[in-house]
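What follows is one structure encoded as structure tokens, with my remarks underneath.
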There are 2 protein chains.
Amino acid sequence: MGKREYLGQLELMVLLAIARPSSRDAYGVSIARDIARSSGRQVALASVYAALERLERKGFVISSLGEPLVARGGKARTYFRATPAGIKEARETHATLRRLSDGLSGLKGQPA
Amino acid sequence: MGKREYLGQLELMVLLAIARPSSRDAYGVSIARDIARSSGRQVALASVYAALERLERKGFVISSLGEPLVARGGKARTYFRATPAGIKEARETHATLRRLSDGLSGLKGQPA
DNA sequence: GCTTATTACTTCTATATTATAGAAGTTATG
DNA sequence: CATAACTTCTATAATATAGAAGTAATAAGC
């Protein structure tokens, strides 16, 4: 079995945010918003763009330029979609985490 | 709400491996084995020890020296347990990922 | 009709944090 | 000495951060 690395935490979140079926027309800012909403924490936009670049280099997402938008001075946005390999990767990581968290929900954590 | 960072990917896996109820007497090597088994990928021992240090610094795990072991020349192992804060953190990260992966399992990924 | 602002992103620079490989260290036996 | 079963160290690479800067068409102000 070849040597593969684990996706970084933010890379995984970005990939999930793109791969989920409820995600349409994902782009940098919308992805960051998605993650902030799901996690309750802020994420630096620069981090999201950096993660997107890495994910694309690895073949897990693919980008395409949209149409010019009046809303942003005729500039087009860059949209992202997950590739089949990306969805596979996300699912595998997810499965790994699920395996590692067996019974976690039954445990008592710190209150509040 | 203070500014909090996301746990690294390996930190999360290490924390989960320690926090899960089926984990008894977790220590560096056993944690690495656990992760390798759950993920199907190798993880560098040095990475696990580094992650453990960080998790302890952050108050998510706590270490204690076991008893001298004949099996390893009278040296004791260092065992780790998750703190309540650690369990809380693991649960939160887990919940975030679950929220981000809504419907992911229904998607088609790359075959094989 | 020209600046200057505004909008909604995207990119850049510099730095900090996390993860890696591979070698070295430890301590009582064999 | 060599071995066993970890643990630590060194050096480097990959990932993530903050905050500033860049971009292109309209909108505002004079």
Side-chain angles (χ1 to χ4, degrees), chain A residues 2-17 25-36 39 41-58 60-61 63-80 89 93 96, chain B residues 2-17 25-36 39 41-58 60-61 63-80 89 93 96:
Chain A
K3 179 155 311 182
R4 289 206 301 157
E5 282 137 32
Y6 298 106
L7 238 42
Q9 187 68 78
L10 183 61
E11 287 175 321
L12 174 61
M13 293 197 292
V14 167
L15 181 52
L16 286 175
D25 304 321
Y27 61 99
V29 172
S30 77
I31 293 167
R33 263 200 308 261
D34 238 43
I35 292 175
S39 70
R41 303 181 195 180
Q42 220 43 49
V43 56
L45 230 7
S47 309
V48 171
Y49 284 108
L52 282 168
E53 245 182 69
R54 292 193 300 270
L55 287 170
E56 183 155 31
R57 226 178 339 90
K58 295 175 186 174
F60 294 147
V61 306
S63 67
S64 60
L65 221 53
E67 337 213 322
L69 288 179
V70 174
R72 58 180 306 248
K75 298 201 75 175
R77 285 202 279 245
T78 305
Y79 292 103
F80 292 86
E89 180 72 15
T93 303
T96 293
Chain B
K3 181 154 308 182
R4 291 202 302 156
E5 282 137 31
Y6 299 106
L7 236 42
Q9 187 66 80
L10 183 61
E11 287 175 322
L12 174 62
M13 294 198 291
V14 166
L15 181 52
L16 286 175
D25 304 321
Y27 61 99
V29 172
S30 77
I31 293 166
R33 262 201 307 262
D34 238 42
I35 292 175
S39 68
R41 303 182 192 179
Q42 221 42 50
V43 56
L45 230 6
S47 308
V48 171
Y49 284 110
L52 282 168
E53 247 182 69
R54 291 193 301 269
L55 286 170
E56 183 155 31
R57 226 177 338 92
K58 295 175 186 172
F60 294 147
V61 306
S63 67
S64 60
L65 220 54
E67 336 214 319
L69 289 179
V70 175
R72 56 180 305 245
K75 297 202 77 175
R77 285 204 280 244
T78 305
Y79 292 103
F80 292 86
E89 179 73 15
T93 302
T96 292

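Below, read A as the first sequence line, B as the second, and so on, with proteins coming before strands; counting in each chain starts at 1.
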Per [X] side chain, nearest of listed nucleotides [options]:
| X | options | value |
| --- | --- | --- |
| L10(A) | dA19(C), dT17(D), dT7(D) | dT17(D) |
| T78(B) | dA16(D), dT7(D), dT10(C) | dT7(D) |
| E11(B) | dT15(D), dT17(D), dA19(C) | dA19(C) |
| V29(B) | dA16(D), dA19(C), dC6(D) | dC6(D) |
| R77(A) | dT20(C), dT7(D), dA8(C) | dA8(C) |

If you round to the nearest 0.5 Å, how far is [atom2] of [Y] from [atom1] of [X]?
| X | Y | atom1 | atom2 | result |
| --- | --- | --- | --- | --- |
| L65(A) | K75(A) | CG | NZ | 9.5 Å |
| Y6(B) | L12(A) | OH | CG | 12.0 Å |
| F80(B) | D25(B) | CZ | CG | 12.5 Å |
| L7(B) | M13(B) | CG | CE | 11.0 Å |

Next item on the list: Look at all strands and tell whether A46(A) reaches a base, only sugar-phosphate, or nothing, counting heavy atoms closer than 4.0 Å.
Entry: base
Under 4.0 Å between a side-chain N/O of [X] and OP1 or OP2 of [N], yes or no?
| X | N | result |
| --- | --- | --- |
| Y49(A) | dT10(C) | yes |
| R54(A) | dT15(D) | yes |
| K75(A) | dT11(C) | no |
| Y6(B) | dA16(D) | no |
| K58(B) | dT18(C) | yes |

Notebook entry, point to check: Should the pair E89(B)-R41(A) be classified as a salt bridge under the 4.0 Å nitrogen-to-oxygen rule?
Noted result: yes
Rounded to the nearest Å, what distance is computed from the [atom1] atom of residue [X] to the [atom2] atom of nucleotide [N]?
| X | N | atom1 | atom2 | answer |
| --- | --- | --- | --- | --- |
| L12(A) | dA16(D) | CG | C1' | 15 Å |
| E53(B) | dT17(C) | CD | P | 14 Å |
| L15(A) | dT15(D) | CG | C1' | 15 Å |
| I35(A) | dT15(D) | CD1 | P | 16 Å |
| D25(B) | dC6(D) | CG | P | 12 Å |
| R33(A) | dT10(C) | CZ | P | 11 Å |
| L45(A) | dT13(C) | CG | P | 18 Å |
| M13(A) | dT15(D) | CE | C1' | 12 Å |

